[in-house]
Amino acid sequence: DAGVIQSPRHEVTEMGQEVTLRCKPISGHNSLFWYRQTMMRGLELLIYFNNNVPIDDSGMPEDRFSAKMPNASFSTLKIQPSEPRDSAVYFCASSLSGLEKLFFGSGTQLSVL
Amino acid sequence: SQQGEEDPQALSIQEGENATMNCSYKTSINNLQWYRQNSGRGLVHLILIRSNEREKHSGRLRVTLDTSKKSSSLLITASRAADTASYFCATDPSGTYKYIFGTGTRLKVLA
């Protein structure tokens, strides 16, 4: 079991550029979560999917953020255009169902200059 | 908004001592989980306690849940330097099927 795989591990970009973060959940898991972690705001739930369908995106901060899950083994989080305040660590997590333990990826450290 | 808040925010103890962290939350829940995060890494699940359970053990971990007070505690016995990490509680506000994390407790175990 390879665990939840996120890429890239680090991303440095300039303000205004498009950023795409990728996540491969654990095979067989049907729930997927995107979180953002900053010192100021802690861990924030951005969006979660169940069976590839977005269930709750109320945590997505702005229209600049979008997330997709085209199939059970892949999800993306896109920021367009990026801003310095988007700098954070973005985590993807998956679970077997919405009520069980979450398995986290290693995260993507995003720096927007 | 944060569903849970951990207390204390930071804790420093000597190796071999016990460490207790508390979590308070706001709404009814289906279950509560505790996670550990080492610096620069992802979160790792430690233990899950369901709303109809009051206490659960796993190795050196002991978790209690008081739904009437909307609070939980995590006890780590005989702490080790390797336990140095941040600890978070996560709750699923009933009916939402999503996990909200608390603010975390930074634990430092001195060798």
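Letters A, B, ... mirror the listed sequences (proteins, then strands); counts begin at 1. The shown structure was predicted, so the numbers you read here are calculated from the model rather than taken from an experiment.
- The environment of A/Glu83 atom CD is dense: over 12 non-hydrogen atoms of other residues, nucleotides or ligands sit within 6.0 angstrom.
- The 12-atom threshold is exceeded at CD of B/Glu15, counting heavy atoms of other residues, nucleotides or ligands nearer than 6.0 Å.
- By the criterion of side-chain heavy atoms lying less than 4.5 angstrom apart, applied directly or through intervening Ile, Leu, Val, Met, Phe, Trp or Tyr residues, A/Tyr90 is not grouped with B/Phe88; the two fall into different hydrophobic clusters.
- Of the possible donor and acceptor atoms, one in the side chain of B/Tyr35 sits under 3.5 Å from a partner among the backbone N and O of A/Leu102.
- When hydrophobic clusters are built by joining Ile, Leu, Val, Met, Phe, Trp and Tyr residues whose side-chain heavy atoms come closer than 4.5 Å, directly or via intermediates, B/Leu107 is grouped together with B/Leu74.
- Residues forming a salt bridge (Lys or Arg N to Asp or Glu O under 4.0 Å) with B/Arg36 (at least two apart in sequence, or on another chain): none.
- The neighbour count for B/Arg60 CZ, taken as heavy atoms of other residues, nucleotides or ligands under 6.0 Å away, is above 12.
- The shortest non-hydrogen separation linking B/Tyr99 to A/Glu100 is CE1-O, 3.6 Å.
- Put simply, A/Phe49 and A/Leu21 are part of the same group of oily side chains (I, L, V, M, F, W, Y) that touch within less than 4.5 Å, one to the next.
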Practice item. Could you please spell out the steps behind the side chain to side chain contact (heavy atoms under 4.5 Å, CB included) verdict for B/Gln37 and A/Phe91? Key: CA-CA 12 Å; B/Gln37 183 180 32; A/Phe91 287 104; 3.5 Å; yes
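- Interface with chain B: from residues 55-67 of chain A, residues A/Asp56, A/Ser58 qualify, criterion being any non-hydrogen pair under 4.5 Å.
- Under the 30°/60° scheme for interplanar angles, the aromatic rings of A/Phe104 and B/Phe101 are found to stand perpendicular.
- No salt bridge links B/Lys98 with A/Glu44; every basic N to acidic carboxylate O contact stays at or beyond 4.0 Å.
- Rounded to the nearest 0.5 angstrom, B/Leu43 CG and A/Phe103 CZ are separated by 13.0 Å.
- Heavy atoms closer than 4.5 Å to chain B are found nowhere in A/Gln109, neither backbone nor side chain.
- By the 6.0 Å contact criterion, NZ on A/Lys24 is open, its count of non-hydrogen atoms from other residues, nucleotides or ligands being 12 or less.
- Within 6.0 Å of atom CZ in B/Arg41, 12 or fewer heavy atoms from other residues, nucleotides or ligands are found, so the atom counts as exposed in its surroundings.
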